Amino acid sequence: MQIRLGYVAVPLSIKATSSSIVTYSHYKKLGVARGNEKLHKVIMSNFEDLKKILNYNIKNEISFFRMTSNLIPLGTHPEVNYEIFLTYKEQFIEIGNIIKQNDMRIDTHPDQFCVLNSINEVVVTSSINILKFHQSMFKAMGIDGKMILHVGSSAGGKRNAMKRFKENFLKLDPLLQKMIILENDDKVFNIRNTLKLCEDLKIPMVLDYHHHLCNNNGEKITDFIEKIFATWDNQTLNPKLHFSSPKNKKEKRSHSEYIEHEDFLDFIEKIKFTNKDIDIMLEAKAKDEALFRLIRQIKYEKEYKFIKNTVFLI
DNA sequence: GGTCGTCAAGGGGTG
DNA sequence: CACCCCTTGACGACC
């Protein structure tokens with residue numbers, strides 16, 4: 001069993017974010033010409049930063065990565081007409097080549113405004129636009145990227161909400177459907193609900209273990225893990241998991257700075273019977289530094305062998 | 001020259 | 001109903 005480790009979006013060790021923004025009110029104030037100029041500057045700096053981050057990851061042998069969803073500010077804003085995919089054709093290709101040449105795995109996590117199962121039609125439409133925009137970015141890069149989503153709203157009760165998710169999902173372009181992965185959340189849709197949807201729709205499920213600890217009906221992870229991994233059977237990618245430690249006892253749902261290495265080892269103990277190669281994304285505030293610290297802490301465990309950021313269970 | 005409120009967007013929770 | 005939270009960086013208003 002091999003476990004690759006990764007982190008989220010923005011490394012702390014180098015000065016690069018790739019998520020610089022332009023607010024719409026600022027854009028409007030500048031007027032179309034100067035607004036677009038401003039957008040161009042920010043987008044170019046985001047591309048430069050993204051290259052820096054990817055190269056940093058390559059240097060550190062971190063082979064999978066959650067890309068920011070803010071690479072192109074106002075990219076889906078209805079009032080901003082800015083030709084992204086022609087203007088930045090070269091930049092997208094350049095990024096895509098770095099990713100492909102280094103065999104990196106790329107995911108995105110569209111943010112809270114992307115609610116495919118909203119009861120508001122307008123929200124559903126704009127959510128679909130967000131998904132299509134991600135699809136276009138992957139296409140422009142020429143990569144096989146994925147988008148990790150939550151089920152979304154619970155309005156009308158979980159059962160209805162899950163039904164709406166299914167209906168809206170099935171209306172999407174089949175190519176887009178194939179890019180979508182569902183993740184259990186920390187409030188509403190637990191591993192049982194999320195797994196059911198993934199099985200019905202034949203899409204992979206990311207297990208977020210922290211969310212599971214916040215939101216469960218007593219489901220034991222050992223009873224579900226094989227079924228969760230089975231949702232990846234037709235994929236070329238390894239099953240992916242999210243792992244983090246709670247900030248403290250009171251703020252259980254927030255992520256802490258670092259990963260508690262005992263928690264991590266306990267978790268691995270629970271799932272190692274599956275003997276699957278997996279990718280674990282660490283969702284800690286200290287990002288890449290949390291990853292490096294975790295490795296330093298568990299490096300000398302007898303059962304584990306390390307090659308850079310990959311853990312091998314012996 | 002530092003601090004703070006504001007910003008396209010959803011939804012859930014509280015009082 | 002009004003306001004708060006999630007998250008996150010830029011920017012302008014203000015002291």
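Being a predicted model, the structure only gives us computed values, none of them experimental. Values below: all heavy atoms of this structure, side chains included; hydrogens, waters and symmetry mates excluded. Order of the sequence lines sets the chain letters (A, B, ...), proteins ahead of strands, with each chain counted from 1.
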Taking the same atom, [atom1], in [N] and in [M], what whole-Å distance lies between them?
N	M	atom1	value
C:dA13	B:dA8	P	15 Å
B:dC4	C:dC5	P	14 Å
B:dG5	C:dC4	P	11 Å
B:dG2	C:dT7	C1'	23 Å

Original post:
Within 45 degrees of the axis of the six-membered ring of A:Phe306 and under 6.0 Å from its centre: does A:Lys299 put its NZ or CZ there?
Top reply: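 No, cation not above the ring by the 6.0 Å, 45° rule.
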**OP:** Fill in the dot-bracket string of DNA chain B, one character per base: . for unpaired, | for a pair to another strand, ( ) or [ ] for pairs within the strand, taking Watson-Crick or G-U pairs under 3.5 Å.
**Re:** |||||||..||||||
Spacing between [X] atom [atom1] and [N] atom [atom2], to the nearest angstrom:
X	N	atom1	atom2	answer
A:Lys28	C:dC11	NZ	P	18 Å
A:Asp185	C:dC6	CG	P	17 Å
A:Lys15	C:dG9	NZ	P	11 Å
A:Lys41	C:dA10	NZ	P	12 Å
A:His109	C:dC6	NE2	C1'	12 Å

Subject >> Test of ring centre spacing under 6.0 Å for A:Phe165 and A:Phe189 >> reply: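 Not under 6.0 Å, so no.
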**OP:** Assert yes or no for the condition that the ring centre distance of A:His211 to A:His150 is strictly below 6.0 Å.
**Re:**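 A:His211 vs A:His150: aromatic centres under 6.0 Å.
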**OP:** Could you grab the distance from atom OG1 of A:Thr108 to atom CG of A:Leu131, nearest 0.5 Å is fine?
**Re:**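 If we round to the nearest 0.5 Å, A:Thr108:OG1 and A:Leu131:CG are 8.5 Å apart.
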**OP:** Look at the side chain of A:Asn102 and the backbone N and O of A:Met104, then say whether any donor-acceptor pair between them is shorter than 3.5 Å.
**Re:**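 A pair under 3.5 Å: no.
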Subject >> Nucleotide-resolved protein contact map, nucleotides 8-15 of chain B, B/S/- at heavy-atom distance under 4.0 Å >> reply: BBBSS---
**OP:** Let me know, please, whether A:Thr17 or A:Lys29 comes out on the 5' side of the other along DNA chain C by nearest nucleotide.
**Re:**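 The residue mapped nearer the 5' terminus is A:Thr17.
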Original post:
Below 4.5 Å, heavy atoms only, C-beta onward: do A:Met281 and A:Leu241 meet side chain to side chain?
Top reply: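 Answer no - side chains too far apart.
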Original post:
Do A:Asn184 and A:His212 come close enough that some side-chain heavy atom pair is under 4.5 Å?
Top reply: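 Yes, side chains in contact.
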**OP:** Can you run down the side chain to side chain donor-acceptor pair (under 3.5 Å) pairs that involve residues 76-88 of chain A, sequence neighbours left out, and say none if there aren't any?
**Re:**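 Non-adjacent pairs meeting side chain to side chain donor-acceptor pair (under 3.5 Å): A:His40-A:Tyr88, A:Tyr82-A:Tyr88.
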Original post:
When clusters are formed by joining ILVMFWY residues with side-chain heavy atoms under 4.5 Å apart, either directly or through shared neighbours, do A:Trp232 and A:Leu207 land in the same one?
Top reply: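 No; tracing contacts between hydrophobic side chains, which count when under 4.5 Å, never links both residues.
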